Amino acid sequence: MVSPLQAGFRVTGVKGNAGGNSAPGAGACFASKLVQEKLVRLGIVDEFDLALHLPLRYEDETHLYPINDAPENKTVQVEGVIIHSEILYRPRRQLVCQVKDGSGILFMRFLNFYGSQVKAYSVGTRVRLLGDVRPGFFGAEMIHPKCRIVRECEPLADALTPVYPATAGLSSETIRKLIRQTLDSSDRGYLSEILPDTILRRYRLKNFRDSIFFLHQPLPDASAILLQERTHPAWRRIKFDELLAQQLSMRLHYRRRRDRSAPALTHENKLTNTLLESLPFRLTSGQKQAFGEISRDLAAAHPMQRLLQGDVGSGKTVVATLAVLQAIENNYQAALMTPTEILAEQHYRKLSGWLEPLFASLGVTIAWLSGSQKKKQRETMLASIADGSAMLAIGTHALFQEQVEFNRLGLAIIDEQHRFGVHQRLALRMKGAKADGSTAPHQLMMSATPIPRTLSMSYYADLDVSVIAGLPPGRTRVLTKLVADTRRDEVTARIREACHGGKQAYWVCPLIEESEALQLKTALETHETLNRTFPDLKIGLVHGRLPPQEKSTVMESFQQGEIQLLVATTVIEVGVDVPNASLMVIEHAERMGLSQLHQLRGRVGRGAGASTCILLYQKPLSATARERLKIIFEHTDGFEIAREDLRLRGPGEFLGARQSGVPLLRFADLEQDEDLLEAARIVAEELLRDHPEAATSHLQRWLGRESEYLRV
Ligand code: ADP
Ligand code: MG
């Protein structure tokens, strides 16, 4: 799509109003450069964008209420003649006018006003006011109404007046005119109907152009509630089309993967079986099923892109390890990337324990890469990855840096994928890909932050998803307690009890977003205080600023049970697995997000014994903080918590800025419009199969400029 900005954005006349220049002939003109720039700020570069700049709400100027009958607390329009006007100085400077109609008198008050208004609103002037009527000191009043001087019997509006999202220097009023004139121009090809009749009828979808026209100018008898709640058929059509564009692009992306090739890593049952036999536990049926799905994908000659979801503690690591072995059985390397060094190191230790006996006989090793490694060690690791003697590389994002060259990368695994951005995920995948993109390694992403169904159907629709249902047997539900900060003594007693009983505990220091230095200080102080409180316990401290060597020593001692109480910042949020730890204390829990609390709580309850999580909070609590704590207290299931989280924060925040790379939905609301999402999914398939030209036009219309992201 040529950017109409380059082509000269043709919007019909806004003469005199926003400084539009008159174009010769036809009565059409180009929006001035200034207006164009402002429109761009609103994301509007062509007629279609303008048509999609839909009203935030509507004002009803189609009806006049007699002053005495005007309902309170509702925006209404009245008309009358000004019978008195004065500037008062108490309690503050304000312009007060009395407006009278046949039924009564209304006061209108302006706390901010211009001299020109004082002049204009003189006695005898007829005005039309739009605003909320409230009981005032002198009688019914409107504060800062929209006030227009009118002639007697001036006609009323015949449609509801749309109010648009505006920007500095471009009022809703100007935008309204621009949109009107654009819609009124004769060339409306950009709004033509794309969808086949059969589909429109099946889903009772209103015509597209009619929907756009209607939303910009609804009839006065249109149901205001449906419009406001955006459930009116016209709204539903727009939302449907938006969702359809998203589904189409995801499906195309999915199909394109089929055109690329990947090594077929068949399931040989050799190394995988040896590992399964050596484990001290048996896979749960959820794990078996997930691995079955992954195994099948790996054996195909197209790159897998699968998301493995499973609640905290469901045992994703062992499933990933089986996938690693399937790659190695086929003489391909695997890489496992984690968001934190602590986690990379933990995986390294755990997988070394599981795999070294197997690898020794094969003469291969596991490499380990981190940003803070010594140069010498790093070089050795890089060499072993490059010559293929290391068949598995574990590390942080250091894994996809330039110097890292794999010999034959067949599988890239990303743990805690929600902590990475799309670009980082792509970079790792590119490691094993041919430059032309024709061949790519398989990719497995893992996440314990479950993605609610609606989100996985929309934003993640280009991925295949496996879910590990259930937790390994013998886990007991973590008991969650909410304790006010003032009752710390109880917490102290709890810790003593747990540690003396041979268990271990975490103490998580508050998150201080504004300052890392302050967070560090808090952690050091907490460590000191706890050392004084529990002279008989061995207490460790881990935080982000600790040199990597020390970090790993502390984590290792905690793992080994030498440290009984671990004071930590949120660096331990994801992945850390110490089954003997059964008590978690989280300070200032009210500052943390839901998924963070769920992840932290997931550090306990990993062994067979009963576990407790104490959420210390400080009053006063904000309404959201209260709600978050209530949710985490009531729910243990990660999916339910995620659903609540999505409801509280909306998809933009939920997906996080890091996930950006996917345009967010502007109109559709995944919760409210789940049925439309379902329909869009079906229609997307159908269009691609039966009406490919319609699919192309629809994508072009909606994602023309953003379609680059489809390549990611
Ligand atoms: P997560 O899914 O959160 O990454 P982990 O892979 O760290 O969970 O597994 C949590 C703990 O459960 C680990 O100690 C792991 O060894 C253990 N585990 C995994 N699968 C099973 C199983 N089937 N039975 C018993 N314990 C298991
Ligand atoms: Mg994990």
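Computed over heavy atoms, backbone and side chain alike; hydrogens, waters and symmetry mates excluded. Read the numbers this way: they start at 1 and go in the same order the structure lists the ligands and their atoms. Everything quoted here is computed from the prediction, not taken from an experiment.
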Heteroatom distance test (P472, ligand 1): nitrogen or oxygen, under 3.5 angstrom: no
Proximity flag S314 to ligand 1, non-hydrogen atoms under 4.0 Å: yes
For atom 17 (C) of ligand 1, the protein heavy atom that lies nearest, with its residue and separation: R475 NH2, 3.8 Å
Nearest non-hydrogen protein atom, atom 2 (O) of ligand 1: K316 NZ, 2.7 Å
Heavy-atom gap K350 to ligand 1 smaller than 4.0 Å: yes
Nitrogen or oxygen atoms of F281 and ligand 1 under 3.5 Å apart: no
Which of the ligand 1 atoms, numbered from 1, are nearer than 4.0 Å to a heavy atom of T317: 4 (O), 5 (P), 6 (O), 7 (O)
Side-chain touch R494/T612, heavy atoms, less than 4.5 angstrom: yes
Which residue and heavy atom of the protein sit nearest atom 20 (N) of ligand 1, plus the separation: Q287 NE2, 2.9 Å
Atom 8 (O) of ligand 1: nearest protein contact (heavy atom, Å): G315 N, 3.3 Å
H500/F534 aromatic ring centres below 6.0 Å: no
Residue portion contacting ligand 1 (non-hydrogen atoms closer than 4.0 Å) for D577: side chain
Which segment of D415 sits under 4.0 Å of ligand 1 when only heavy atoms are counted: neither
Minimum-distance protein heavy atom relative to atom 3 (O) of ligand 1: G313 N, 2.7 Å
R282 N/O under 3.5 Å from ligand 1 N/O: yes
Within-shell test, G310 vs ligand 1, heavy atom, strictly < 4.0 Å: no
